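When reading the values below, keep in mind they use all heavy atoms of this one structure, side chains included, and skip hydrogens, waters and symmetry mates. When a ligand or atom number is given, it counts from 1 through the structure's own listing order. The structure displayed is predicted, hence computed values, not measured ones.
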Amino acid sequence: MHIFSQIGHVKAYLKEQRSSQSSIGLVPTMGALHAGHMSLIRASKSENTRTICSIYVNPAQFNNAEDLNKYPRTPDEDIRLLREAGCDAVFRPGDQDMYSYNHPLTFDFGALDKILEGEFRPGHFSGVALVVSKLFHIIQPDHAYFGQKDFQQFRIITRLTEELKFDITLVSVPIVREANGLAMSSRNIRLTEAERARAVALHRSLILTRDKLLQGEKFPDITKEVASLCNQHQVKLEYLALADRETLVLQEMVTDPVRLVILIAGWVGDVRLIDNLFLTED
Ligand code: AMP
């Protein structure tokens, strides 16, 4: 497996790999890799001749300096997992490789980046869009793989790809969960055993919301039940929302179940977690 930190080196490698038959898959990550990331690598390997994983904890997408400092970093284990998964190359740039100026460019996605995560993490999606644009320009992949776990992020990157005319096919990969339903996340490393057990309240809230909506209960009533479920598990609920899967426009009631996704965010101790669930499976 090739490991690159310099942009020039990774570009030279990819130039050699490109041919009329080849196809390059990119899996952008922030490291502290887990089985969720590995399912993205597998998806890429099944569709491309070369898979490249980027590992970069992008300062521009953190609206909170403490969150950036505490973000888990497990570089040796990441390399071991990627080798084991048969990843072809890793791109691990430093801040000086990715950012030339102290004031990063900013993006504005209108309503799409003001709701949900955008409301609670101002500037987050601007930073995500910036780093993904840089990675797309540097790597120029044929396919790029993202997890359904960051649902709003996928919508933002879809818009970015359309607007900036990137010739890249985006692929959304289903959420990988722990046996108890907790969505895998690099941030889970920071949970104590007790917090990990309490964190299942997020997934349970999604299931409860889905089941009750499908039984015809009203969303505002369900929100109250979810608030109390989260309370019982000492999970500080930030939002529970129902939205259109394509436009992310927030909904108050179920009109067409196949179009809807339920999204949740909450704090377990000092760790912020997100999760989501489609109202009906595809
Ligand atoms: P991150 O390293 O957290 O920035 O995540 C890198 C990519 O992995 C993103 O596209 C995430 O949506 C995806 N990802 C993170 N957790 C999971 C999971 N549990 N299942 C599937 N994909 C995931």
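- Ring pair Phe109/Phe125: centre-to-centre distance not below 6.0 Å.
- Under 4.0 Å from any atom of ligand 1, one finds heavy atoms of residues Pro28, Thr29, Met30, His34, Gly36, His37, Leu40, Tyr71, Phe146, Gly147, Lys149, Asp150, Gln153, Pro174, Ile175, Val176, Met184.
- Of the inter-residue distances, the one linking His124 atom NE2 with Gln152 atom CD reads 8.0 Å to the nearest 0.5 angstrom.
- With a 4.5 Å cut-off between side-chain heavy atoms of Ile, Leu, Val, Met, Phe, Trp and Tyr, the cluster of Met30 takes in Val57, Phe62, Leu68, Tyr71.
- Pairs engaging residues 97-108 under the salt bridge (Lys or Arg N to Asp or Glu O under 4.0 Å) rule: Asp108-Lys114 [sequence neighbours left out].
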- CA sep, side-chain torsions, deciding dist, call: Lys70, Asp270, salt bridge (Lys or Arg N to Asp or Glu O under 4.0 Å): CA-CA 10 Å; Lys70 285 190 177 167; Asp270 66 351; 3.1 Å; yes
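- Other members of the hydrophobic cluster containing Val90, listed by chain and number, are Met1, Ile3, Val27, Leu33, Met38, Leu40, Ile41, Ile55, Ile79, Leu81, Leu82, Tyr145, Val171, Val173; membership follows side-chain contacts under 4.5 Å among ILVMFWY residues, whether direct or relayed.
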